[in-house]
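Report on the following structure.
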Amino acid sequence: MTPPVRELVGRDADLARLAEILGLDAPSGVGVVVSGDAGIGKSTLLARVSADAEAAGWSVAWGHCVGQSGSGVAHLPFTELVGRLDLLEPEVVEQVVATRPALAVLLPGRRETSAGNHSPGQVAEAVHALLTAVGERTPLLVVLEDAHWADPSSRDLMTLLLTRGFASSVALVVTYRSDDLHRRHPLHETLAVWARIAGVEHVDLQPLGDSAIRDIVVASGSLTPDDRTTREITRRAEGNPFFAEELAASTVSGQPISGGLSRVLWARVDQLSAPTQEVVRTMAVGGRTISHDLLVRLVDLTEPELDAAIAEAVERHVIETRWPPAYAFRHALLAETTTSDLLPGQRIRLHRAYAGALAADPTLGPPAELARHAAASGDLATAVRAAREAARSDLAVGGPANALQHLEDALGWLPEDSDERDEVSLEASDAALTAGDIVRSVQLLRDRIEHPGPAQSPATRARLLATCANRCRLVDLAFAESALDMTTEAMAVVPDGDSADRLFVMTAHMQQLVDIRHYPEAAALGEEATSLAERLDLPGALTEIRTVMSRVIEVHDDLDALERHIDQLLADLGDRDPLRVRIHHQAATMHHRRGRLEQSLEAYDRGAALASELHIDWAPFALEARLVGGLTAYEIGDWDGAVRRLDVRDPLLPQPGRSFFDAALMVVRVGRGEEIGEGEIAAVRDWWHVDGFGVVQLVMPTVEHYGNSGDLARALDIAEDAVDVLERTWGRFHAVVRLAALVAGQTAGNAPHADATLLRRAHADLDSMTAKVDAIVAEPQRGVREPTTEVIEETNTETWAWDRRLRAELLRLQWRSGQGSPPDPGAMVAAWQESVAAFERYGHPYETARSRARLAAALRVSGDAAGARHEADLAREVATRLRAAPLLRELDELSADPTSTADSPDALTPREQEVLELVARGLSNGQVGAQLFISTKTASVHVSRILAKLGASSRTEAAAIAHERGLVR
């Protein structure tokens with residue numbers, strides 16, 4: 001409901017600015033965040049803006065976040081907002097509900113007709129679609145007030161709406177109380193996101209000037225502008241209009257101007273009659289707003305007495321009336337002051353009255369309110385029941401974060417030995433998983449596993465263990481190592497006999513056996529589980545078992561059999577079965593191993609598209625389908641397509657998934673020569689302890705980033721850290737092949753100007769990594785007696801290609817470092833030809849082009865200038881199409897001096913030649929940087945390299961050598 005329009009004093013400039021931002025005369029999609037202290041006039045200003053908008057033909061709808069009573073109810077302001085729009089535009093609402101049923105959960109009276117639970121993404125999409133549709137018919141102003149009280153789901157939805165914006169005429173205004181944000185307030189993180197959203201305007205209301213405050217004071221009573229009391233009120237109000245009104249009203253009623261504002265506000269309440277004070281105190285415990293029906297149940301007053309009390313409170317400007325019949329404090333500060341003045345006994349009695357009324361008639365308030373009041377009154381059993389019901393309600397409306405909070409509250413209220421803790425722990429873990437907090441999901445289960453109650457049944461314990469083991473697979477936390485122990489114990493304690501519990505445990509244990517490569521045991525257990533699923537007639541469980549078994553087929557490197565198995569699984573599933581997302585992901589992985597990158601990308605995209613259709617975009621396999629799909633697009637040379645998939649702005653994407661996407665996008669950014677900030681790298685590293693996948697995604701581009709900037713030491717630092725983390729997390733890992741090749745390449749590129757100590761460190765690192773590569777690439781394959789690379793060439797084309805690249809880079813390093821005997825030029829040419837052929841077969845145009853550039857350098861060393869030009873031209877064509885700036889620079893350096901080799905340790909690059917000419921003219925590093933539009937630090941690096949290449953000990957000596965050799969004019 002829109003607040004009543006009051007006289008606006010001293011805010012003409014703010015009103016004009018808001019009108020301009022919102023485009024009241026020229027409607028368009030826009031987002032605005034309005035902040036200011038409590039009582040500064042946010043609501044008054046926006047009430048006036050709303051009135052002006054309605055006068056200009058706009059529709060206006062408000063949604064209020066509510067302290068205490070509202071902060072635990074998922075999507076509370078949006079329930080109010082959608083209900084208002086249902087009154088304004090019922091036809092539009094019906095149309096949107098027909099296509100997006102999740103909207104029904106926010107409509108009063110329709111939640112029961114909406115089948116099942118809805119994800120946050122489904123609810124968010126429905127709200128955005130509704131606002132967009134209304135904005136297409138008539139300009140729409142949406143005001144979401146008091147975001148500092150917003151529940152987690154509402155904060156996320158606000159972020160999504162501000163991020164996506166609107167193509168139609170929708171103006172979204174969000175307000176919050178800036179003085180309410182303590183250091184740990186949850187809105188701080190959200191505000192940091194809002195500050196980075198392009199196009200969102202921010203308006204911070206400042207205190208009013210003294211003249212405006214005097215006008216407000218004079219308008220409030222019989223005081224005059226020159227009155228001494230008026231001047232004192234103006235001083236004490238400090239520019240806050242609400243404070244000024246309250247101080248003036250207190251003075252007019254005969255109260256002295258003394259004490260803080262809370263004392264002044266309480267004086268206002270203290271002047272009320274006893275029945276009215278009872279009403280106000282009762283309302284304060286409930287929150288800022290209360291319905292008439294609930295208030296009637298709570299106060300010991302007759303209907304006439306209650307009407308008189310309400311009338312007095314309204315007349316004294318303490319509360320206001322709302323519709324449908326309800327009452328609200330004129331300002332939240334009045335409610336807060338009244339609550340703080342209550343005695344402990346009064347609070348408990350009022351909470352008990354609320355709990356009794358809400359328990360007797362659930363239509364009077366949400367279960368979250370019953371839980372809050374029951375807990376505050378000491379009735380913890382009722383509080384737990386209500387909290388679980390509140391969690392179910394929040395899950396139904398797409399509020400898993402709110403549901404998790406309710407269930408954690410319930411766990412805090414339950415005794416340690418209560419057997420109910422088992423079910424609540426499972427429910428809380430499910431809510432955490434749905435909210436995207438996998439770590440919390442696992443922690444909740446482990447806590448109950450490690451601290452079982454005396455009445456915990458074997459079947460329940462087995463279910464807790466198996467569920468926890470399944471979720472440990474989603475992250476690489478340290479305690480995930482015990483997942484096999486969990487399923488082993490679960491198998492030991494689950495009761496014998498045909499039951500769904502036993503089947504669930506068997507499937508979880510089979511998955512763990514597959515993960516640790518105990519394939520014969522997994523296959524035997526899979527056959528037993530298949531028979532049990534058939535006897536129990538559980539087709540969903542049977543498909544899950546067959547999906548896990550596909551991994552057993554894959555590890556035997558029978559990829560033809562795996563492809564047939566996957567095709568049959570897809571044929572057996574319905575078109576909208578969520579399990580298809582996982583199977584599409586598995587198909588994509590299989591195609592990727594075979595080097596069919598185009599088919600792999602198609603399968604990833606099918607999985608991601610189905611997940612989006614089902615509104616499970618960030619479920620584990622769905623997230624990976626989009627993420628690895630983006631990386632696959634990068635590999636096949638569709639860098640713009642990779643950016644589209646990887647540059648995710650959806651605020652509903654949880655961590656650590658967001659860090660995965662940020663790191664993966666760095667691959668394209670580094671390939672194009674864009675800067676990567678240290679803060680960006682650190683932000684992703686913060687999640688290394690959670691999942692090794694994030695380690696792999698970050699280390700590859702950062703090695704390139706540091707190496708391209710000449711900081712080989714930093715490149716080695718992060719590579720060493722990554723190997724250490726991944727070995728502890730995964731043991732043996734194929735990604736070491738690519739990492740070793742990249743480190744070798746950057747070491748070779750930086751070798752001519754690296755000191756001997758750094759080169760020795762790099763060689764030691766490469767020796768260690770190459771040994772790990774040898775163990776992977778030359779490992780005897782199943783069914784093959786002797787070590788060979790031929791099998792991996794067929795079963796993992798990517799690893800094979802990077803291995804060929806590593807061997808070529810090691811020869812290049814030997815050449816460029818000048819240590820030991822130089823390699824045979826013919827051997828270098830042959831190695832780089834193998835690298836080119838391997839990446840061509842794999843289907844990776846960029847790495848093929850990089851290999852061609854280095855093949856060109858090797859050909860030049862061998863004396864084949866024509867062959868070198870041909871390979872360089874082919875590489876340049878790809879680099880130009882991809883806008884791969886570092887590769888273009890490498891090719892420029894290669895072609896800069898036809899009489900010398902760019903791979904020669906002593907060759908000056910074109911940029912170094914420019915720097916040398918300026919140094920020879922006597923310019924300082926700062927002057928060189930200014931002349932060439934580079935930083936002083938970069939100029940200094942170039943000068944150091946030049947001195948090393950010329951064998952000079954000083955800038956003066958370098959200039960002399962340059963003149964002597966004719967290197968400068």
Side-chain angles (χ1 to χ4, degrees), residues 117 384-385 387-389 391-392 395 400 403-516 522 525 528-529 532-533 536 538 540-541 544-545 548 619-620 690:
N117 294 345
V384 170
R385 287 196 301 272
R388 295 179 72 178
E389 179 60 33
R392 287 189 286 271
L395 287 170
L404 174 60
Q405 185 59 61
H406 291 312
L407 292 166
E408 290 202 3
D409 287 343
L411 288 171
W413 296 328
L414 282 168
E416 184 71 22
D417 59 354
S418 170
D419 57 358
E420 192 177 357
R421 293 185 69 87
D422 294 322
E423 287 301 324
V424 177
S425 295
L426 283 164
E427 290 172 5
S429 178
D430 289 344
L433 185 67
T434 305
D437 194 343
I438 301 171
V439 175
R440 193 68 169 175
S441 177
V442 172
Q443 289 172 334
L444 285 161
L445 293 173
R446 283 187 62 84
D447 182 70
R448 190 55 182 164
I449 289 168
E450 294 171 0
H451 302 91
Q456 189 177 74
S457 70
T460 298
R461 182 165 185 80
R463 188 149 55 97
L464 285 164
L465 288 162
T467 303
C468 189
N470 284 339
R471 288 177 188 170
C472 282
R473 297 187 67 247
L474 302 177
V475 289
D476 290 320
L477 295 168
F479 51 65
E481 298 173 2
S482 61
L484 178 64
D485 295 335
M486 294 182 196
T487 57
T488 301
E489 182 186 347
M491 287 290 294
V493 301
V494 69
D496 293 331
D498 291 358
S499 69
D501 281 341
R502 183 168 183 79
L503 179 60
F504 177 69
V505 170
M506 290 172 69
T507 306
H509 190 52
M510 179 179 64
Q511 181 68 73
Q512 290 301 320
L513 291 171
V514 168
D515 288 347
I516 63 169
L525 187 59
E528 184 182 347
L532 178 55
L536 294 173
L538 295 173
E544 175 73 18
I545 295 165
V548 176
V690 174

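- At a threshold of 4.5 Å between non-hydrogen side-chain atoms, the residues H406 and E389 do not count as touching.
- Closest approach of M486 and C472 over heavy atoms only: CE-SG, 4.2 Å.
- Annotation: salt bridge (charged side-chain N to carboxylate O under 4.0 Å, His left out) contacts of E423 (sequence neighbours excluded): R463.
- Look at D430 and R471 and you find a salt bridge, because one of the NZ, NE, NH1 or NH2 atoms lies within 4.0 Å of a carboxylate O, short of that distance.
- Residues S429 and S441 approach most closely at OG-OG, 2.7 Å, considering heavy atoms.
- The side chain to side chain donor-acceptor pair (under 3.5 Å) search around D419 returns none, not counting sequence neighbours.
- In this structure, L484 CG and Q512 CD are separated by 6.0 Å, a value rounded to the nearest 0.5 Å.
- Contact detail for E416 and R421: the closest heavy-atom pair is O-CD, 3.4 Å.
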inquiry  = Quick one, D409 with V384, criterion side chain to side chain contact (heavy atoms under 4.5 Å, CB included). Give me CA distance, side-chain angles, the key distance, then yes/no.
reply    = CA-CA 8 Å; D409 287 343; V384 170; over 6 Å; no
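- To the nearest 0.5 Å, atom CG of residue L538 and atom CD of residue E544 are 12.5 Å apart.
- Here the shortest heavy-atom pairing between M510 and L525 reads N-CD2, 3.6 Å.
- Here the shortest heavy-atom pairing between S425 and L445 reads O-CD2, 4.2 Å.
- Shown here for L503 and A541, the closest heavy-atom pair between the two residues is CD2-CB, 3.6 Å.
- Residues passing the side chain to side chain donor-acceptor pair (under 3.5 Å) test with T487 are H509, sequence neighbours excluded.
- Shown here are the side-chain contact (heavy atoms from CB on, under 4.5 Å) partners of A466, two or more places apart in sequence or in another chain: F504, V505, A508.
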Quiz: residues 450-458 side-chain donor-acceptor pairs under 3.5 angstrom, not counting sequence neighbours:
residue : atom : partner : partner atom : Å
E450    : OE2  : R446    : NH2          : 2.7
H451    : ND1  : D447    : O            : 3.1
Q456    : OE1  : R461    : NH1          : 3.1
Q456    : NE2  : D422    : OD1          : 2.8
S457    : OG   : T460    : N            : 3.1
S457    : OG   : T460    : OG1          : 2.8

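- In this structure a side-chain-to-backbone donor-acceptor pair under 3.5 Å is missing from R388 to A410.
- A donor-acceptor contact shorter than 3.5 Å is absent between the side chain of S418 and the backbone of L414.
- Here CG of L395 is found 9.5 Å from CZ of R392. Values are rounded to the nearest 0.5 Å.
- Considering CG of L444 and CG of L426, their distance stands at 10.0 Å, rounded to 0.5 Å.
- Applying the side chain to side chain donor-acceptor pair (under 3.5 Å) criterion to D501, with sequence neighbours excluded, gives no partner residue.
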